[in-house]
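The structure appears right after this line, and notes come after that.
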Amino acid sequence: MSIGKYRPGVWSSYTITPGYTGAREALAVGVIAQLGLTGEQPVTVQRGDTIDGGTPLAQVAELLFGAGLQRFTVYSLGEETGPEQHAAALEALAAAGTLDLAVIQNATQEVLETAKGFALARSEEQQEMLVFGGALGNHTAAATLAKAIDCPRVVVSYGTAIPAGKEEGSPFFGALALCAAVAVLEDPSVSLTGWPLPGIGRVTGASYAQVETLLGAGVTPLVQSGTGAEAVRVLTTCTTIGGSPDRSLCPVNSILIIDYVMKALRRSLAAFLRGAKNSAQTLSAVASQLTVLLGDFLDRGIITGYGAPRVYCQPDDPEVCIAQVSFTAAYLINQIHIQAQIQL
């Protein structure tokens with residue numbers, strides 16, 4: 001520190017180091033809908049592109065760009081909107097680039113079953129993704145749909161969402177706004193409960209009494225809140241595991257945290273593959289790197305605990321390094337119960 005002042009006083013200098021290192025890029029969003037575009041193929045739309053006003057694509061762009069996305073990819077369906085067309089659309093979107101989140105306009109059970117299978121297969125290939133769809137019909141149909149899908153990779157919302165400044169809406173716009181809110185969420189452990197849905201002015205959906213039924217079935221209810229709309233609680237449709245009731249993977253943040261941590265671990269360890277030797281030094285370096293990353297996630301509240309990594313090479317296949325990690329994903333608080341003792 002250079003002293004260049006003679007006047008009495010207290011002086012200081014400091015350096016600011018950001019403590020938060022969350023993802024700066026939004027998750028990649030793909031939209032499958034009837035948008036009136038010619039040619040059934042993926043089209044990437046970027047902020048600043050010229051889009052004809054009043055078109056279905058313009059409404060989609062207004063919602064997604066308004067939420068903070070810089071780009072998204074669409075696949076415009078023709079007259080046929082069944083499972084086969086959606087399977088082809090998902091394959092095309094995935095082939096066109098990264099696909100983290102997909103929004104489906106025709107969210108029937110058959111279509112969502114197709115999307116579910118695709119999302120699960122992608123996740124097994126280390127390309128994790130989520131699918132969003134707005135339930136058609138009444139709240140009973142929405143609950144039945146979610147129970148039938150029952151998947152941690154599929155989010156079903158309920159409510160007819162009307163974009164701000166528009167007169168007409170649909171469940172698709174609700175799912176789209178919900179997907180956008182998740183896409184720009186830098187910290188996966190931040191709850192979306194009570195957050196305003198970007199670009200939505202009004203929503204008509206479940207009554208107060210019906211919300212409990214929807215939440216129990218794994219549906220994300222959208223409700224009116226002041227001059228906008230919000231999700232009562234953002235859930236996946238996964239309410240059972242192995243056929244037994246289990247809601248561990250029902251909160252969408254549980255899936256977001258798991259995906260976020262695993263992707264970060266894979267990215268970090270990829271550098272060790274360049275010239276790595278089967279040696280004690282390499283194994284120790286891998287374990288140290290994992291410990292540093294998990295410790296960072298713990299400090300940021302993304303996980304609540306982790307075990308010491310165990311790193312070793314397969315005796316019968318020395319080219320394979322096994323890195324075993326264990327961690328506990330943060331679970332969000334969604335209820336506060338006040339227990340009062342009152343004296344008069």
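Distance check, rounded to the nearest 0.5 Å: CD of Glu230 to CG of Leu222 gives 9.5 Å. The CG atom of Asn106 sits 11.0 Å away from the CZ atom of Phe172 when rounded to the nearest 0.5 Å. Rounding to the nearest 0.5 Å gives a distance of 9.5 Å between CZ of Arg267 and CG of Leu293. Taking CZ of Phe72 as the reference point, atom CG of Leu57 lies at 5.5 Å (rounded to 0.5 Å). Note: Gln210 CD to Asn138 CG = 8.0 Å, rounded to the nearest 0.5 Å. A distance of 6.0 Å separates CG in Leu130 from CG in Leu256, rounded to the nearest 0.5 Å.
The backbone N or O of Leu35 sits less than 3.5 Å from a side-chain atom of Ser76, completing a donor-acceptor pair. No side-chain donor-acceptor contact under 3.5 Å links Thr73 to the backbone of Thr44. Listed for the Thr237 side chain is no donor-acceptor partner under 3.5 Å among the backbone atoms of Gly218. At least one donor-acceptor pair under 3.5 Å links the side chain of Asn253 to the backbone N or O of Val190. Using a distance-only test at 3.5 Å, with no hydrogens or angles considered, a donor-acceptor pair links the side chain of Ser288 to the main chain of Ser284. Within the 3.5 Å criterion, the main-chain N or O of Ser123 finds no donor-acceptor partner in the side chain of Arg153.
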Which is it for Leu249 and Ile258 under the side-chain contact (heavy atoms from CB on, under 4.5 Å) test, yes or no, and what are the steps along the way?
-> CA-CA 10 Å; Leu249 298 178; Ile258 293 171; 4.2 Å; yes
Go through Leu332 and Thr193 one step at a time and tell me if the side-chain contact (heavy atoms from CB on, under 4.5 Å) criterion holds.
-> CA-CA 10 Å; Leu332 305 183; Thr193 298; over 6 Å; no
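Between Val261 and Tyr306 there is no side-chain heavy-atom pair separated by less than 4.5 Å. Side chains of Cys313 and Leu283 form a contact here, defined as non-hydrogen atoms less than 4.5 Å apart. Within the 4.5 Å cutoff, side-chain heavy atoms of Gln224 are placed close to those of Arg202. Within the 4.5 Å cutoff, the side chain of Leu235 has no heavy atoms near those of the Val219 side chain. With a 4.5 Å cut-off on side-chain heavy atoms, Leu120 and Cys151 count as touching. Taking the side chain as every heavy atom from C-beta outward, Met262 and Phe327 approach each other to under 4.5 Å. The closest side-chain heavy-atom distance from Phe118 to Glu91 is below 4.5 Å. For the pair Phe65/Val45, a side-chain contact is recorded, criterion being any heavy-atom separation below 4.5 Å from C-beta on.
Among all heavy-atom pairs drawn from Ser191 and Asn334, the shortest one is OG-OD1, 4.2 Å. Cys321 and Val311 make their closest contact through SG-CG1, 3.5 Å (heavy atoms, listed as atom of the first residue, atom of the second, distance). Of all the heavy atoms in Leu69 and Ala26, the pair that sits closest is CG-CB, 4.5 Å. Taking each heavy atom of Leu99 and Ala94 in turn, the nearest pair found is CD2-N, 4.2 Å. Contact detail for Met129 and Val131: the closest heavy-atom pair is CE-CG2, 4.0 Å. The two residues Gln105 and Gln34 have their closest heavy-atom pair at OE1-N, 2.8 Å.
Annotation: Glu212, atom CD; neighbour count of heavy atoms from other residues, nucleotides and ligands within 6.0 Å does not exceed 12. Within a 6.0 Å radius of CD in Glu168, other residues, nucleotides and ligands contribute 12 heavy atoms or fewer. Around the NZ atom of Lys147, the shell of radius 6.0 Å holds no more than 12 heavy atoms that belong to other residues, nucleotides or ligands. Residue Glu84 qualifies as open at atom CD: its count of foreign heavy atoms under 6.0 Å is 12 or below. The neighbour count for Asp317 CG, taken as heavy atoms of other residues, nucleotides or ligands under 6.0 Å away, is above 12.
The pair Asp296-Arg300 counts as a salt bridge, with a side-chain nitrogen and a carboxylate oxygen less than 4.0 angstrom apart.
Neither Val156 nor Val182 shares a network with the other; the hydrophobic side chains, linked directly or stepwise wherever heavy atoms of I, L, V, M, F, W or Y lie under 4.5 Å apart, form separate groups for each. If you chain together hydrophobic residues whose side chains sit under 4.5 Å apart, Val29 and Ile32 never meet in one group. Under the 4.5 Å side-chain heavy-atom criterion for ILVMFWY residues, a single connected hydrophobic cluster contains both Leu298 and Tyr260. Under a hydrophobic-cluster definition in which Ile, Leu, Val, Met, Phe, Trp and Tyr are linked whenever side-chain heavy atoms come within less than 4.5 Å, directly or via other members, Leu101 and Val154 are assigned to different clusters. A single hydrophobic cluster is seen to contain both Ile255 and Ile241, as judged by linkage of ILVMFWY side chains at heavy-atom distances under 4.5 Å, directly or through other members.
Between the side chains of Ser248 and Asp246, a donor-acceptor pair is found at a separation under 3.5 Å.
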